[in-house]
Amino acid sequence: MLVPLIPLGLEWLFTDTLTDESVTLAASMYAILIGVSSRYKLMLGTALVVCMLFTAVYGAVTVQKQEQSREQATALDRAQKGIRDVQKTLDPDDRHSSHVEGEPHAARYYRSLSLWAIFMIFGVHVTERFNRHVLNREPFWELL
Amino acid sequence: MLGLQFLVDGFAFAGAGIATIAAGLTVTRVIRNIRARSELRDVLLNKHHTEIRLLANKRHTHNPEELKNLQEVMERIMEQSAKRLSQEHRKLINEGLEQVSPQGRADYIGRILQKAEEKDAAAHAGHA
């Protein structure tokens, strides 16, 4: 159940933080993995949709991060050249100006939503396994 | 750009929402399974005498010998249920669960009995 989340755990262990890209990608991969291992067609379809949605979110987060770093690089470049002060190079009316400092405004809830989705999919998996192995008395490994 | 942002936000919320609905559906399904099983257990363990009699009546059987045979078959099935279920038995139970209703029960038990009888007949044929 937790094996697919090992990369996420390792990232958290080594870097003490989780990037938005990792969490959204993990949500997407975890959804499809659990969907494929499920025996219900409905769950497979649902997982497929969740996977596609979070893949799109992953793409958006990646693009946002790239834009953010590009903006930061440009701002730093301009500052180094002494054209203007870094703050003055950014138009205060520009709605993207907040991207320069900190994380993109949307990313903070992307991470929460991805973690929520992972938690819910984990719940689906636990419930389904309980149904199979406890209620239906299926042996955990048929081969054994 | 703002439109795209809203779209992606929508994706994220939809993804989390669908995952939540899926979790809810799975939990509902399992609760339904638990209830159905309890009902089936009730039929198998407590009311099986009545069910056998009903089944026997349905088959127009009043022969005590045949009734006794039905009883034995039913008890064997119950013994099997108590142990680890075989693949075939599990399939039967799951099929039966789909139609746990007063009307479906008799058919279900009838099917199990028929299977068991067929198995017995095959075993006898094998011995012969």
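Predicted model only: the values in this text are computed from it and were never measured. What's counted below: heavy atoms across the whole structure, side chains too, no hydrogens, waters or symmetry copies.
Residues forming a ring pair (Phe, Tyr, Trp, His ring centres under 6.0 Å) with A:Phe119 (at least two apart in sequence, or on another chain): none. Not a single side-chain hydrogen bond (donor to acceptor under 3.5 Å, both in side chains) links A:Arg70 to another residue, sequence neighbours left out.
Two different hydrophobic clusters hold B:Ile18 and B:Val27 under the rule that ILVMFWY side chains link at heavy-atom gaps under 4.5 Å. Note on A:Met52 and B:Val8: separate hydrophobic clusters, where clusters join Ile, Leu, Val, Met, Phe, Trp and Tyr whose side-chain heavy atoms are under 4.5 Å apart, directly or indirectly. If you chain together hydrophobic residues whose side chains sit under 4.5 Å apart, A:Leu44 and A:Leu33 never meet in one group. Linking ILVMFWY residues whenever their side-chain heavy atoms come closer than 4.5 Å, directly or via other members, leaves A:Ile32 and A:Ile118 in distinct clusters. Under a hydrophobic clustering in which Ile, Leu, Val, Met, Phe, Trp and Tyr are joined whenever their side-chain heavy atoms come within less than 4.5 Å, directly or via other members, A:Val50 and A:Tyr58 fall into different clusters.
Of all heavy-atom pairs spanning A:Leu53 and B:Gly15, the tightest one is CD1-N, 3.4 Å. Heavy atoms only, all atoms of each residue included: A:Val124 and B:Ala22 are closest at CG2-C, 3.7 Å. Scanning all heavy atoms of the two residues, the minimum distance from A:Ala117 to B:Ala16 falls at CB-CA, 4.2 Å.
The stretch residues 1-13 of chain A places none of its residues near chain B, where near means some heavy atom under 4.5 Å from a heavy atom of that chain.
Heavy atoms of A:Leu42 lying under 4.5 Å from chain B belong exclusively to its side chain. The contact between A:Tyr40 and chain B is made entirely by side chain atoms (from C-beta outward), counting heavy-atom distances below 4.5 Å. Residue contact with chain A, scored on non-hydrogen atoms closer than 4.5 Å, involves the side chain of B:Leu25 exclusively.
Chosen from B:Ala23, B:Ala12, B:Ala14, the residue pairing most often with chain A at heavy-atom distances under 4.5 Å is B:Ala12.
Here side chain to side chain donor-acceptor pair (under 3.5 Å) pairs that include residues 26-37 of chain A, with residues two or more places apart or in two chains, are A:Ser28-A:Thr55.
Residue A:Trp116 holds its CH2 atom at 12.5 Å from CZ of B:Phe13, rounded to the nearest 0.5 Å. Atom CZ of residue A:Phe130 and atom OG1 of residue B:Thr26 lie 13.5 Å apart, to the nearest 0.5 angstrom.
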